Amino acid sequence: MAPLLNISISNSLQFFPVFILILILILFPRPSAATSEAEALLKWKNSLHDPITRSHLSSWNLLPSYNSTSPSTNSSQNSCCQWIGIVCNEFGSVTEINLTSSNLKGTLQYFNFSLFPNLLSFDLSINSLYGSIPSQISSLSRLTHLNLSQNQLSGNIPFEIGMLGSIKEFWVSHNNLTGSIPVSIGNLSSLTFLSLNENKISGSIPKEVGQLSSLSMLYLHTNHLSGSIPSSIGNLSKLSDLELSSNNITGSIPKEVGQLSSLNRLHLHANHLSGSIPSSIGNLSKLSILELCINNISSIPKEVGKLSSLNRLGLHANHLSGSLPTSTGNLTNLEIFDISDNSLTGNLPENICLGGKLQWLAAFKNHFTGSIPKSLRNCNTLVSVSLQENLLTGNVSEEFGIYSNLYYMDLSNNKFVGKLTGNWGQCPKLMKLNFSNNEISGRISPELGNATQLQILDLSSNLLVGKIPKELGKLKLLFNLKLSNNSFSGKVPTEIGMLSQLEHLDLSINELSGQIPVHLGQCSKLVHLNLRKNRFSGTVLFQIGSLHSLEDLDLSQNVLTGQLPSVLGYLQILETFNISHNNFSGSIPSTFKEMLSLISVDVSYNQLEGPLPHIKAFVEARIEALENNKGLCGNNSNLKPCPISNKNSNEVVIISVIVSILVTVLLFLFIVGVLLIRKKRERTNIEEPRVTQNETFFVEWGHDGKKVHQEIVEATENFDSKYCIGVGGYGSVYKTLLSTSQVVAVKKIHENGGVANEEAFESETSILTKVRHRNIIKLYGFCLHTRHSFLVYEFMERGSLAKTLTDDGKAMELEWAKRVNVVKGLANAISYMHHECRPCVVHRDISSKNVLLDGDYEAHLSDFGSARTVDPDSSNWTSFAGTFGYAAPELAYTMEVNEKCDVYSFGVVTLEVIMGSHPGDLISSLPIVPSSSSAANHRIPFRKVLDQRLSPPRNQVAEQVVSIAHIAFACLKANPQSRPTMKQVSDKLAASSPSLSVPLDLIALQQLLDPPTWTS
């Protein structure tokens, strides 16, 4: 027994140090591996320099505690395993880091890869990491998934990447990596996904890629790879996706590709591959996509027909010639078939849509002959058909059916015959229809207007006849319409003007007649307009000048006459201008000197005379572009210089004579006026007691007049100039704060103003104390005093309309809806004066400076110093009053006061509200002033009608603006009796609360320029 006891004690003593060591480790645990990983992650986080990045990792801030008795408890509760993007194993060691799309900005240089021995998945994709991939990444020996794609990484792929023996997926696409693919990549025998695409990797594809026997997806596209495809690629028997497109790969497609029995998608397009497609391609029974386009491939083997699973075949832009193998007819499951831009001949595959799946057929730019494959007629899956630029024949009336999914049909530049049926109008998604350069005859079916999604319609260069159907106006999305080189006749339908999106209109080389369509002025987006070689007659209407997007204008070879409208000069981005072979006369308008973008001009074979515009296009024009005119001259080496004119001296003489006559007439009128005033004053003194001197009258307040008078004098510090806010013809206006906290406007009559000021004061007080209307300035009272006489009005916070319109900031605040209300308010005020006051009151000085705006932008008519009451049973002649530019034209030869003078002035103010400035010379160019027939055809560019500081009005407001402009033009008619009454105007405006919306280009300008006849 004793020996055994001794042995036992001896053994116990032998293991005692080990026991003590275990006990120490339990009682005093060392920091775990998880602790080291946490510290490493925190260190890397702190290296990320962007605060936003660090805030995204806000949970990465808890260091583990070492007081727990259980390592597993410590790791699960206190380690980095609780952090966002971190996954650990049961022992608390990090196995997965997933921070995709975490807005990380920084590098990987401070990431200690060696401290993560158990890391299996590392995903930092879709961030902003930069710098190179550290070679230390190779220490992640157990890593199976590495994704660094969609960052800003640069430099080479490290050679050490080949040491990641366990890796299955390696994604590093969409970066800025350079250098070559390291040959060590061949060591990654477990790799199934390799994505290096969309970088700047160069060099050749290493043959070692063929060692990746587990690879199923290889993405190397969109790099700078060169050399040939290694034959070793045939060893990748599990490969389903091979993407090598958009590189600089040369040579032929290796026959070993036929060994890729699992291949589903093969993308080799956009390289420099040559030779024939290898016949071994027929072995790829699972292949669904074959993309070989944009290479130099020369022939297609018949074995392509064996690819029974193929649904996408792309061979366009190669060097293919000869006919297609008949075996291609076996490809009945095709959805996309693109063989365009080659030199192929023969027929198209007859059964191309036999499987009922074909969506995209592109065979353009070849030499195909024969007719359309019969299987296309009932191929309802078709989305796009591009067969242009071949030698195809057949009858389009019979070859095609109705396609519910068709977006795009282009058969141009072939030899098709037949007629356009109404079937095309039954293709609800059709966006492009191009049958140009064929031999299609007959008329355009009106049913084509039912294809309301059409954006491009090109039927040019055919044998079409008849009128252009008005139903084309239903194609609201159309931006390209080409009907040139046919035999269309008659007038262009007005409905073409409804095509507000139209950018390109070509009606050239037809037999169209009548005037150039006025409704084209509505097509405000037109860039190219070609009406060449038709039978258009008459003058060029001004609407062409409103097409401010126009770059090309060709009106040549018509029978146009008259003068060129000056508004053509507003086409300031026009580049080509051809009006040759017409009968235009007169001079080229001086406005053409503003057409600085003009590159090419041709005005030959007309009756033009006078100087050429001094711009480069005319100065450098060839003689052929100027010849056969009546007498052009100017700074062109092919023309004679213009003679020096004595025009200026003649103008001086004419002006002197006119001024002398006007002075004499005005002097005579002044004398007559003074006599009439004196006679009226004498009659007034007999009939009515005149307001005596030193009298005050403040009816609105009911206060003691003298007290208010004194308060106003004191409040303005005896009318100190610092309170003055405006100066008028017979008084200065002061802003005054009364003791009642009310702000008023005080108009102090100019001292020593004589009889005229007295007359104005009397008119203002006598009328404003009687009228009551919300849109007429309110008179609180007046003071007639030997020292200073004044009138007191309600104060208008926003001042005059004229002041608002001349200030860009204030004008932009006065948006369209407010401007509409200003016009309505002014019309209501004048209508009240004309039709509700007895006797009628005529203002005689309506102008934008006499229209005041309150805080809500409501209009108030002011300044009645020139106003007169009108007695219909007596003479109402008086001296001239008003503001030049607003006064009616008949006041130049008659001094009779009547309501029509106010109507004219209202029209001017209304145009000013719409345009943002006084219309000026625009009024004289309107078709409202009797003049020659050529001037009567003159029109205004639509651009001049609207204030360019504001965005165009929309919807109901747009229609109201148009209605107001319509009314304004009616008010500006030269014949006073042709103008509407203000009651008619007011009623019309009150009714203009439209329920219909209008397009952004508003309404036809013709509506504005041809106002209806108004009846009293």
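No experiment lies behind these values; they were computed from the predicted model shown.
Using modelled atom types, no side-chain atom of S135 and backbone atom of E160 make a donor-acceptor pair closer than 3.5 Å. Proximity of a side-chain donor or acceptor of N311 to a complementary backbone N or O of N333 within less than 3.5 Å is not detected. Distance alone, capped at 3.5 Å, places no donor-acceptor pair between the K200 side chain and the H224 backbone. Judged purely by atom type and a 3.5 angstrom limit, T250 has no side-chain atom pairing as donor or acceptor with the backbone of H272. Put simply, the side chain of N342 gets close to the backbone of S340: a donor and an acceptor are under 3.5 Å apart. Proximity of a side-chain donor or acceptor of D458 to a complementary backbone N or O of N434 within less than 3.5 Å is not detected. Using a distance-only test at 3.5 Å, with no hydrogens or angles considered, a donor-acceptor pair links the side chain of N199 to the main chain of V172. N127 places no side-chain N or O within 3.5 Å of a backbone atom of S149 that could act as its donor or acceptor partner. In this structure a side-chain-to-backbone donor-acceptor pair under 3.5 Å is present from N390 to A363. Of the possible donor and acceptor atoms, one in the side chain of N247 sits under 3.5 Å from a partner among the backbone N and O of S245.
Atom OH of Y407 has 12 or fewer neighbouring heavy atoms from other residues, nucleotides or ligands inside a 6.0 Å radius. Enclosure of atom NZ in K432 by more than 12 non-hydrogen atoms of other residues, nucleotides or ligands within 6.0 angstrom is indicated.
Atom OH of Y130 is separated from atom CG of L153 by 11.0 Å, given to the nearest 0.5 angstrom. One finds the CD1 atom of I300 at 9.0 Å from the OG atom of S276 (value rounded to the nearest 0.5 Å). Taken to the nearest 0.5 Å, the CG atom of N197 stands 6.0 Å off from the NE2 atom of H174. For the atom pair OG of S327 and NZ of K302, the computed distance is 8.5 Å after rounding to the nearest 0.5 Å. In this structure, OG in S166 is found 11.5 Å from NE2 in H145, a value given to the nearest 0.5 Å. In this structure, the separation between CG on L307 and OG on S288 is 10.5 Å, given to the nearest 0.5 Å.
The closest side-chain heavy-atom distance from L196 to L177 is not below 4.5 Å. The shortest distance between side-chain heavy atoms of I253 and I281 does not fall below 4.5 Å. With a 4.5 Å cut-off on side-chain heavy atoms, P428 and Q453 do not count as touching. Residues L376 and L358 have side chains in contact (heavy-atom distance under 4.5 Å, counting atoms from C-beta outward). Put simply, the side chain of L220 reaches to within 4.5 Å of the side chain of L225, judged on heavy atoms. Counting heavy atoms from C-beta outward, F113 and F122 have side chains that approach closer than 4.5 Å. Within the 4.5 Å cutoff, side-chain heavy atoms of L146 are placed close to those of I161. Side-chain atoms of N147 and L124, non-hydrogen and from C-beta on, never get closer than 4.5 Å to each other.
Heavy-atom minimum distance, I201 versus N223: N-OD1, 3.0 Å. Smallest separation of non-hydrogen atoms from L292 and N318: O-ND2, 3.1 Å. In terms of heavy atoms, Q150 sits closest to N175 at N-ND2, 3.8 Å. Between W171 and S195, the shortest heavy-atom distance links the atoms CE3-CB, 3.3 Å. Counting all heavy atoms, side chain and backbone alike, L115 lies closest to A40 at CD1-CB, 3.7 Å. Of all the heavy atoms in S214 and S189, the pair that sits closest is OG-O, 3.0 Å.
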- Message: Apply side chain to side chain contact (heavy atoms under 4.5 Å, CB included) to residues N118 and R142 and explain how you reach the verdict.
- Response: CA-CA 6 Å; N118 297 309; R142 301 183 65 184; 2.8 Å; yes

- Check the pair D338, H316 against side chain to side chain donor-acceptor pair (under 3.5 Å), reporting the backbone distance first and the verdict last. CA-CA 6 Å; D338 189 350; H316 79 266; 3.1 Å; yes

- Begin from the C-alpha positions of W60 and L41 and carry the test side chain to side chain contact (heavy atoms under 4.5 Å, CB included) through to its verdict. CA-CA 8 Å; W60 289 26; L41 289 173; 3.7 Å; yes

- Task: Please lay out, stage by stage, how N89 and T95 fare under the test side chain to side chain donor-acceptor pair (under 3.5 Å).
- Result: CA-CA 6 Å; N89 60 18; T95 58; over 6 Å; no

- Please report the C-alpha distance between H367 and S343 in whole Å, then the side-chain angles of each, then the deciding distance to 0.1 Å, and finally whether the side chain to side chain contact (heavy atoms under 4.5 Å, CB included) criterion is met. CA-CA 6 Å; H367 306 294; S343 300; 4.2 Å; yes

- Should T144 and I167 be marked as a side chain to side chain contact (heavy atoms under 4.5 Å, CB included) after you check the CA-CA gap, both sets of side-chain angles, and the distance that decides it? CA-CA 4 Å; T144 60; I167 199 165; 5.8 Å; no

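No hydrogens or angles considered: a donor-acceptor pair under 3.5 Å links the side chains of Y219 and D241. Between the side chains of T100 and S125, at least one donor-acceptor pair of N or O atoms lies under 3.5 Å. With no hydrogens or angles considered, a side-chain donor-acceptor pair links K525 and Q501 at under 3.5 Å. No side-chain donor-acceptor contact under 3.5 Å links S386 and D410. Judged purely by distance below 3.5 Å, without hydrogens or angles, the side chains of E37 and S93 pair a donor atom with an acceptor atom. Side-chain contact, Q152 with S154: no donor N or O sits under 3.5 Å from an acceptor N or O.
Taking the six-membered ring where the residue is Trp, the centroids of F111 and W44 are separated by under 6.0 Å. Checked against a 6.0 Å centroid threshold, the rings of F337 and W360 do not count as neighbours.
Considering L42, V94, I97 as possible partners of C80, the one that fulfils the side chain to side chain contact (heavy atoms under 4.5 Å, CB included) test is V94.
Looking at E291 and R312, a side-chain N of the basic residue comes within less than 4.0 Å of a carboxylate O on the acidic one, giving a salt bridge.
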